[in-house]
Amino acid sequence: EKLVGQVDLVVKEFDAAGNASASDTYRIEVVTGAPPSASLTRVEDDELEGTAHVQPNGVTNDATPKLVGTASNATKVLVYDEDVQTGEKVLLGEAEVVNNAWTFTPGETGDSVALLEGSHKITVLAVGPQGQVQGEATGEFVFEVDRTGPSGVTLEVYDDVNVTGAVTDGGTTDDSRPTFRGSSEGA
(Lines give C-alpha, C1' and ligand atoms only; values in the text may rest on other atoms or scores of the structure.)
Protein backbone atom coordinates (compact mmCIF):
# COMPACT_ATOMS: atom_id res chain seq x y z
CA GLU A 1 0.00 0.00 0.00
CA LYS A 2 1.33 3.47 -0.90
CA LEU A 3 1.76 5.99 1.85
CA VAL A 4 0.20 9.40 1.24
CA GLY A 5 -0.07 12.48 3.43
CA GLN A 6 0.70 12.43 7.14
CA VAL A 7 1.68 8.95 8.32
CA ASP A 8 2.40 7.64 11.82
CA LEU A 9 4.88 4.77 11.89
CA VAL A 10 5.37 2.32 14.76
CA VAL A 11 7.65 -0.71 14.82
CA LYS A 12 6.61 -3.71 16.93
CA GLU A 13 8.80 -6.61 17.93
CA PHE A 14 7.49 -9.93 19.20
CA ASP A 15 9.48 -12.48 21.13
CA ALA A 16 9.04 -16.28 20.94
CA ALA A 17 6.39 -16.19 23.69
CA GLY A 18 4.32 -13.63 21.78
CA ASN A 19 5.18 -10.65 23.98
CA ALA A 20 5.30 -7.36 22.06
CA SER A 21 7.19 -4.14 22.49
CA ALA A 22 6.71 -1.07 20.30
CA SER A 23 8.80 1.90 19.30
CA ASP A 24 7.72 5.45 19.84
CA THR A 25 5.52 6.84 17.09
CA TYR A 26 7.50 8.33 14.22
CA ARG A 27 5.53 10.85 12.13
CA ILE A 28 6.34 11.65 8.50
CA GLU A 29 4.56 13.41 5.68
CA VAL A 30 4.59 11.77 2.29
CA VAL A 31 4.41 14.28 -0.53
CA THR A 32 3.45 12.82 -3.88
CA GLY A 33 3.61 14.28 -7.34
CA ALA A 34 6.46 15.66 -9.36
CA PRO A 35 9.34 17.16 -7.40
CA PRO A 36 9.88 20.90 -7.59
CA SER A 37 12.26 22.16 -10.26
CA ALA A 38 13.58 25.52 -11.40
CA SER A 39 15.73 26.99 -14.13
CA LEU A 40 17.44 30.31 -14.77
CA THR A 41 16.55 31.33 -18.31
CA ARG A 42 18.19 34.74 -18.67
CA VAL A 43 20.12 37.54 -17.00
CA GLU A 44 19.06 41.09 -17.91
CA ASP A 45 21.40 44.10 -17.77
CA ASP A 46 19.27 47.19 -17.18
CA GLU A 47 22.07 49.48 -15.95
CA LEU A 48 21.67 51.97 -18.80
CA GLU A 49 18.65 52.83 -20.93
CA GLY A 50 16.91 49.75 -22.26
CA THR A 51 17.57 46.17 -21.34
CA ALA A 52 20.19 43.86 -22.78
CA HIS A 53 20.52 40.14 -22.22
CA VAL A 54 23.81 39.03 -20.72
CA GLN A 55 25.13 36.03 -22.63
CA PRO A 56 26.41 32.95 -20.78
CA ASN A 57 30.09 33.57 -19.98
CA GLY A 58 29.45 37.22 -20.91
CA VAL A 59 30.30 40.50 -19.21
CA THR A 60 28.03 43.18 -17.75
CA ASN A 61 28.56 46.44 -15.90
CA ASP A 62 25.29 45.88 -13.98
CA ALA A 63 25.91 44.80 -10.37
CA THR A 64 22.16 44.34 -9.89
CA PRO A 65 21.08 42.42 -13.02
CA LYS A 66 17.58 40.98 -13.14
CA LEU A 67 17.62 37.16 -13.00
CA VAL A 68 14.63 35.57 -14.74
CA GLY A 69 13.54 31.95 -14.70
CA THR A 70 10.82 29.33 -14.58
CA ALA A 71 9.79 26.82 -11.95
CA SER A 72 7.30 23.99 -11.68
CA ASN A 73 5.70 22.47 -8.59
CA ALA A 74 7.41 25.19 -6.56
CA THR A 75 6.36 28.14 -4.41
CA LYS A 76 9.76 29.78 -4.20
CA VAL A 77 13.26 29.62 -5.66
CA LEU A 78 16.48 29.99 -3.69
CA VAL A 79 19.15 31.90 -5.66
CA TYR A 80 22.83 31.12 -5.05
CA ASP A 81 26.09 32.64 -6.25
CA GLU A 82 29.03 30.25 -6.36
CA ASP A 83 32.54 31.59 -5.97
CA VAL A 84 34.22 30.37 -9.16
CA GLN A 85 37.60 29.91 -7.44
CA THR A 86 36.58 28.32 -4.11
CA GLY A 87 33.31 26.61 -5.09
CA GLU A 88 31.60 28.05 -2.00
CA LYS A 89 27.89 28.80 -2.54
CA VAL A 90 26.33 31.89 -0.98
CA LEU A 91 22.58 32.38 -0.77
CA LEU A 92 21.74 35.65 -2.51
CA GLY A 93 18.06 35.46 -1.61
CA GLU A 94 14.78 33.92 -2.64
CA ALA A 95 12.15 34.67 -5.23
CA GLU A 96 8.44 33.89 -5.14
CA VAL A 97 7.13 31.72 -7.97
CA VAL A 98 4.03 33.16 -9.66
CA ASN A 99 2.44 31.35 -12.62
CA ASN A 100 5.54 29.12 -12.97
CA ALA A 101 7.83 32.17 -13.34
CA TRP A 102 10.17 34.02 -11.00
CA THR A 103 12.48 37.04 -11.01
CA PHE A 104 15.19 38.13 -8.60
CA THR A 105 17.42 41.20 -8.53
CA PRO A 106 20.48 41.12 -6.26
CA GLY A 107 20.52 44.14 -3.98
CA GLU A 108 16.81 44.81 -4.42
CA THR A 109 15.62 43.45 -1.06
CA GLY A 110 16.87 44.26 2.43
CA ASP A 111 18.67 40.93 2.86
CA SER A 112 20.24 40.90 -0.59
CA VAL A 113 23.35 42.71 -1.78
CA ALA A 114 24.56 43.81 -5.20
CA LEU A 115 27.08 41.57 -6.93
CA LEU A 116 30.75 42.42 -6.56
CA GLU A 117 33.09 42.81 -9.51
CA GLY A 118 34.34 39.50 -10.85
CA SER A 119 33.00 36.13 -11.98
CA HIS A 120 29.67 34.78 -10.80
CA LYS A 121 28.07 31.36 -11.20
CA ILE A 122 24.37 31.68 -10.40
CA THR A 123 22.34 28.55 -9.59
CA VAL A 124 18.78 28.10 -8.35
CA LEU A 125 17.00 25.59 -6.14
CA ALA A 126 13.22 25.11 -6.19
CA VAL A 127 11.19 24.71 -2.99
CA GLY A 128 7.82 22.94 -3.21
CA PRO A 129 4.55 23.77 -1.44
CA GLN A 130 5.29 21.40 1.47
CA GLY A 131 8.84 22.71 1.83
CA GLN A 132 10.48 19.90 -0.16
CA VAL A 133 13.62 20.99 -1.99
CA GLN A 134 14.75 19.71 -5.37
CA GLY A 135 17.80 17.46 -5.26
CA GLU A 136 20.48 19.65 -6.82
CA ALA A 137 20.74 23.29 -7.82
CA THR A 138 20.14 23.96 -11.51
CA GLY A 139 20.11 26.84 -13.91
CA GLU A 140 23.87 27.40 -13.84
CA PHE A 141 24.65 30.72 -15.48
CA VAL A 142 28.19 32.12 -15.45
CA PHE A 143 28.97 35.77 -16.18
CA GLU A 144 31.30 38.56 -15.06
CA VAL A 145 30.48 41.90 -13.48
CA ASP A 146 32.98 44.57 -14.63
CA ARG A 147 32.28 48.09 -13.38
CA THR A 148 35.77 49.51 -13.98
CA GLY A 149 36.18 51.59 -17.11
CA PRO A 150 39.38 51.76 -19.13
CA SER A 151 42.11 53.98 -17.70
CA GLY A 152 44.54 56.38 -19.34
CA VAL A 153 42.16 57.52 -22.10
CA THR A 154 43.65 60.34 -24.19
CA LEU A 155 42.38 62.42 -27.09
CA GLU A 156 44.39 64.56 -29.51
CA VAL A 157 43.03 66.74 -32.32
CA TYR A 158 45.14 67.66 -35.39
CA ASP A 159 44.46 70.39 -37.92
CA ASP A 160 45.40 69.25 -41.44
CA VAL A 161 44.37 72.46 -43.31
CA ASN A 162 46.31 75.74 -43.74
CA VAL A 163 47.93 76.14 -40.31
CA THR A 164 48.55 72.51 -39.42
CA GLY A 165 49.40 70.83 -36.18
CA ALA A 166 47.91 69.90 -32.84
CA VAL A 167 44.86 71.85 -31.68
CA THR A 168 45.05 72.58 -27.97
CA ASP A 169 42.16 71.94 -25.61
CA GLY A 170 39.86 74.98 -25.94
CA GLY A 171 41.71 76.06 -29.14
CA THR A 172 40.31 76.82 -32.61
CA THR A 173 40.79 75.24 -36.00
CA ASP A 174 39.87 76.05 -39.60
CA ASP A 175 39.80 72.32 -40.41
CA SER A 176 36.17 71.11 -40.65
CA ARG A 177 37.45 67.51 -40.70
CA PRO A 178 40.32 67.39 -38.20
CA THR A 179 42.15 64.17 -37.45
CA PHE A 180 41.38 62.58 -34.08
CA ARG A 181 43.87 60.35 -32.34
CA GLY A 182 43.51 58.66 -29.01
CA SER A 183 44.69 55.85 -26.83
CA SER A 184 43.67 53.89 -23.81
CA GLU A 185 45.61 51.62 -21.48
CA GLY A 186 42.57 49.39 -20.99
CA ALA A 187 41.42 48.95 -24.58
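Along the sequence shown, residues are numbered consecutively beginning with 1.
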Discussion item. Does either side chain, that of T179 or that of D160, offer a donor lying less than 3.5 Å from an acceptor on the other one?
Written reply: yes
Worksheet item: Is there a chain of hydrophobic side chains (I, L, V, M, F, W, Y, each step under 4.5 Å between heavy atoms) that links L115 to V77?
Response: yes
Worksheet, complete the sentence: When every non-hydrogen atom of F143 is compared with those of I122, the smallest separation belongs to CE2-CG1, 3.6 Å
Practice prompt. Please confirm whether the backbone N or O of V11 pairs with a side-chain atom of S23, one donor and one acceptor, at under 3.5 Å?
Written response: yes
Fill in: Any F141 side-chain heavy atom under 4.5 Å of V124 side chain
no
Worksheet entry | Main-chain N/O of D8 paired with R27 side-chain donor or acceptor, under 3.5 Å | no
Discussion item. Between L91 and L78, is there a side-chain heavy-atom distance shorter than 4.5 Å?
Written reply: yes
Fill in: N100 vs T70, side chain to side chain contact (heavy atoms under 4.5 Å, CB included): CA-CA, chis, key distance, verdict
CA-CA 6 Å; N100 294 329; T70 60; 5.6 Å; no
Worksheet, complete the sentence: Heavy atoms of V145 and H120 approach each other most closely as CG2-CD2, 3.8 Å
Worksheet item: Are the side chain of D62 and the backbone N or O of D46 linked by a donor-acceptor pair below 3.5 Å?
Response: yes
Worksheet item: What pair of heavy atoms forms the shortest contact from A74 to P36, and how long is it?
Response: CB-CB, 4.1 Å
Discussion item. Tell me if a side-chain donor or acceptor on W102 pairs with a main-chain N or O of E96 at a distance below 3.5 Å.
Written reply: no
Practice prompt. Would you check if there is a donor-acceptor pair between the side chains of N162 and T164 at a distance under 3.5 Å?
Written response: no
Worksheet item: If we ignore angles and hydrogens, is there a donor and acceptor under 3.5 Å between the side chains of S37 and S72?
Response: yes
Worksheet item: E82 and Y80: side-chain donor and acceptor closer than 3.5 Å?
Response: no
Worksheet item: Can any side-chain N or O of D15 pair as donor or acceptor with the backbone N or O of A17 at less than 3.5 Å?
Response: yes
Discussion item. What I want to check is whether the side chains of T138 and S39 have a donor and an acceptor closer together than 3.5 Å.
Written reply: no
Discussion item. For a quick test of reading the model, state the closest non-hydrogen atom pair linking E44 to R42 and the distance between them.
Written reply: OE2-NE, 2.6 Å
Response to the item:
Heavy atoms of F104 and A95 approach each other most closely as CB-CB, 4.1 Å
Response to the item:
What one should report as the nearest heavy-atom pair of T64 and P106 is CG2-O, 3.1 Å
